Amino acid sequence: MRLELRVCQHCLEGDDGHGGEQKSLLLQDMVNCAEKIQEHKDVLDLEAVHIRRVRDDEQGKPEALPVVAATIQNNQIVLNDTQLVAEGQDGNMLLYANPDDILTVLAGNVDEISKAVHEDVTVDLSPTGAEIVSEAGLGADPERQPTN
């Protein structure tokens, strides 16, 4: 299995005209989660985790997984610069283009890693990112864990 996260480099850095501070923080949350997954990819039996920072002149080209999401804006096809592609063992590709879904999937993987290792793999999320993940109910909330 392989993962590839693609994010807009300009949005990630919070450049003017590229989504603002909220988007920048959310993308940083995604990258931080993906980096944690990359560090512990063997725990999840992942072959590779790619993090691609896309610039304006690259239009979302993939690094390793040949899937690109697009939308139509003003009668023009626009490639999504933020997306997560997951390739399963069977070769099927899953594409997540919604930022909330991307963060939820990545945080879910970090949560799975936390169950398998004895070290702290917590990722400090922005308030918006933390709210998205808490609403997803991934089980990372100690108050929502089952009691034995």
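On a predicted model such as this, the values are computed, not experimentally measured, just so you know.
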- Is it possible for you to say whether V31 and L84 belong to one hydrophobic cluster, with membership spreading through side-chain heavy-atom contacts below 4.5 Å? yes

- In short, C8 meets T82 closest at the heavy-atom pair N-OG1, 4.1 Å

- Message: Less than 4.5 Å apart, side chain to side chain, heavy atoms only: is that true for I102 and L5?
- Response: yes

Would you tabulate the side-chain donor-acceptor contacts of residues 91-99 under 3.5 Å, counting partners in other chains and residues two or more places apart, or write 'none'?
residue : atom : partner : partner atom : Å
N92     : ND2  : D90     : OD2          : 2.9
N98     : OD1  : D100    : N            : 2.7
N98     : OD1  : D101    : N            : 3.3

- Task: Taking S24 for its side chain and L12 for its backbone only, find out whether a donor-acceptor pair lies under 3.5 Å.
- Result: yes

- Is the closest side-chain heavy-atom distance between R6 and V68 below 4.5 Å? yes

- Query: side-chain contact (heavy atoms from CB on, under 4.5 Å) with A116: which residues, sequence neighbours excluded?
  - Reply: V43

- Message: Applying side chain to side chain donor-acceptor pair (under 3.5 Å), can you list everything that pairs with D45, at least two apart in sequence or on another chain?
- Response: none

- Item | Residues forming a side chain to side chain donor-acceptor pair (under 3.5 Å) with D120, sequence neighbours excluded | T122

- Task: With sequence neighbours excluded, tell me which residues meet side-chain contact (heavy atoms from CB on, under 4.5 Å) with K41.
- Result: L46, V49

- Item | Nearest non-hydrogen partners of L125 and C33, listed with the distance | CD2-SG, 4.0 Å

- Taking only residues two or more places apart in sequence or in another chain, which ones pass salt bridge (Lys or Arg N to Asp or Glu O under 4.0 Å) with E13? none

- Query: Rounded to the nearest 0.5 Å, what separation is found between the CG atom of L25 and the CE atom of M30?
  - Reply: 11.5 Å

- What are the two closest non-hydrogen atoms of V67 and Q83, and how far apart are they? O-OE1, 4.1 Å

- Note on the structure: Contacts of S114 meeting side chain to side chain donor-acceptor pair (under 3.5 Å) (sequence neighbours excluded), chain-then-number -> none

- Just wondering, do V54 and Q9 contact through their side chains at under 4.5 Å, heavy atoms? no

- Task: State plainly whether one hydrophobic cluster holds both M1 and V110, where clusters connect Ile, Leu, Val, Met, Phe, Trp and Tyr through side-chain heavy atoms under 4.5 angstrom apart.
- Result: yes

- Message: The criterion is side-chain contact (heavy atoms from CB on, under 4.5 Å); which residues satisfy it with A48, sequence neighbours excluded?
- Response: R2, H50

- Query: Could you give the distance from CG (D124) to CD (Q28), rounded to the nearest 0.5 Å?
  - Reply: 12.5 Å

- Hey, are the side chains of V78 and I72 touching, using non-hydrogen atoms and a 4.5 Å cut-off? no

- side-chain contact (heavy atoms from CB on, under 4.5 Å) involving N109 - partner list, sequence neighbours excluded: I37, L44, V105

- Task: Determine the minimum heavy-atom distance between A70 and I77, stating which atoms define it.
- Result: CB-CG2, 3.9 Å

- What one should report as the nearest heavy-atom pair of Q73 and T71 is NE2-OG1, 3.5 Å

- Closest non-hydrogen atom pair, S126 against D29: OG-OD2, 2.6 Å

- Message: Going by the rule side chain to side chain donor-acceptor pair (under 3.5 Å), which residues pair with E35 if we only count those two or more places apart in sequence or in a different chain?
- Response: R53

- Item | Q89, CD: over 12 other non-hydrogen atoms inside 6.0 angstrom | no

